[in-house]
Number of protein chains: 2
Amino acid sequence: MSDPHHVPARPRRSDATRAAILAAARERFAVDGYERATVRSVAAQAGIDPSMVMRYFGSKEGLFAAAVDVDLHIPEPGEIPRERLGEALVQHFLDLWEQDTVLVTLLRVGVTHRAGAERMREVFRRQLVPAAERFGRDPADAPRRAMLVASQVLGMALLRYVLRFGPAAEMPREDVVAWLAPTVERYITAPDARGVGDAP
Amino acid sequence: MSDPHHVPARPRRSDATRAAILAAARERFAVDGYERATVRSVAAQAGIDPSMVMRYFGSKEGLFAAAVDVDLHIPEPGEIPRERLGEALVQHFLDLWEQDTVLVTLLRVGVTHRAGAERMREVFRRQLVPAAERFGRDPADAPRRAMLVASQVLGMALLRYVLRFGPAAEMPREDVVAWLAPTVERYITAPDARGVGDAP
DNA sequence: ATTGTAGGCCAACATCTGTTGACGTCGCGG
DNA sequence: CCGCGACGTCAACAGATGTTGGCCTACAAT
């Protein structure tokens, strides 16, 4: 959408194919993880020859890098009533995980592959930490708070969307929000680990 | 230690080799995940021939099953002062993750491989849920509460021990305990999602 | 109409994978 | 002392994988 690396560049005749490859890659990576998602399986699902994947994306790693493009799109503090901060954030994260397979892909690959782990760190550093800076009072604390929020949200996503544990997958969405919201809110706003936000 | 499947069975001459293979397998699986941990790399690290792995464990899956043997060893309610329940549990889980690579292995493999995911579900069902039954009031709620605790603990372990995110890996252990303890305690003891345990 | 070029496929490569079977060798019970 | 079974190695298999280069086709500019 707004990648500064590509000059606008008039549409190539192969854009449809590229898109098909990327869509297939996202699904294969999400379902199979990095190692078991083969270039051949991606190509087959996209209905083209494996060598096209190499031509357009250079290598399997290049394909992964191109396929996983995450924008957490975290709302601004102004858009959320301060009372419902935790609730709104948890809702937002659940939306992200459900509307798309890209986060499942990122987590699956991040756990086993260097490139995936690096990409996760990047998303964390460039999107979550800045967001935490906007929400919290002390910017120096932002990485810690962002990390705490990520730990809870990623843990739930792991059980619910990746591993599909019974109790996690079946719990109604509103219950998930109700349970996690106070946790997330405390991680962002509590003055310290002990406080709950309304102590003297 | 107390596996009811094996008859005591007099020590075989190959026990040292078996143990070496298992130790090597645990490390390879922990570091590389299931797919990239090859039978050959395990054998090389154990200093023996790849075919020995097959002879003793049947297949790569058999090796994995034999290598990953988790006992969470969750304390009994009586052993913990009720005030410090969250703290004691978080301490215990951090111990588990740090003393051994087996949980790292389980998480790494669980995310990409069916057998690993199934093993995780088994640990959850046979160890975490029963523990939650012992700690909580309403046994019917145990799976939900165990799942919530697991989500927070696994999320933190993911960032701290598997991905080794800076802020998660560097945070002093006592701070991790301080932040997570209230969360875990609430998941176990709060009467419902909204309550914090001391509301009217 | 011709031609250059980008899009696409086919076949092959070198390598690595899990797995198997044949072949030695050591140690212990008879 | 002998023989048999457990222990271990070697070599090879069949299949899959990432990747490469050659070749054909069809479009677009001249």
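In what follows, chains are A, B, ... by sequence order, proteins preceding strands, each numbered from 1.
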Under the side-chain hydrogen bond (donor to acceptor under 3.5 Å, both in side chains) test, which residues partner R28(B), sequence neighbours left out?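 side-chain hydrogen bond (donor to acceptor under 3.5 Å, both in side chains) list for R28(B), sorted by chain: D32(B), Q45(B).
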My understanding is that only residues two or more places apart in sequence, or in another chain, count here; which of them pass side-chain contact (heavy atoms from CB on, under 4.5 Å) with [X]?
{"X": "A168(A)", "value": "L159(A), R160(A), F165(A), M147(B)"}
{"X": "A117(A)", "value": "R121(A)"}
{"X": "A23(A)", "value": "none"}
{"X": "P172(A)", "value": "E174(A), D175(A)"}

Is there a residue in residues 44-54 of chain B whose heavy atoms reach under 4.0 Å of DNA chain C, and which residues are they? S51(B), M54(B)
Atom pair CG/CD of D141(B) and E133(B) - distance to nearest 0.5 Å: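 Between D141(B) CG and E133(B) CD, I get 11.0 Å after rounding to 0.5 Å.
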Test side-chain contact (heavy atoms from CB on, under 4.5 Å) on L103(B) and Y161(B) and set out the steps. CA-CA 9 Å; L103(B) 286 179; Y161(B) 301 115; over 6 Å; no
Listed once per pair and sorted, the side chain to side chain donor-acceptor pair (under 3.5 Å) pairs that draw on residues 54-67 of chain A, sequence neighbours left out: none
Within residues 70-79 of chain B or reaching into it, pairs that qualify as side chain to side chain donor-acceptor pair (under 3.5 Å) - sequence neighbours excluded: E76(B)-R134(B)
Close residues, [range], relative to DNA chain D [heavy-atom separation under 4.0 Å]:
{"range": "residues 17-25 of chain B", "value": "T17(B)"}
{"range": "residues 34-43 of chain B", "value": "R40(B)"}
{"range": "residues 55-67 of chain B", "value": "R55(B), Y56(B)"}

ring-ring contact (aromatic ring centres under 6.0 Å, His included) against F29(A), all qualifying residues, sequence neighbours excluded: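 Residues passing ring-ring contact (aromatic ring centres under 6.0 Å, His included) with F29(A): Y34(A), F64(A).
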Rounded to whole Å, CG of D15(B) lies from P of dA6(D) at a distance of 14 Å
May I ask you to decide whether R82(A) forms a salt bridge with E185(A), counting only side-chain N to carboxylate O separations under 4.0 Å? no
Do D95(A) and R173(A) meet the salt-bridge criterion of a basic N to acidic O distance under 4.0 Å?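 Salt bridge flag = yes for D95(A) with R173(A).
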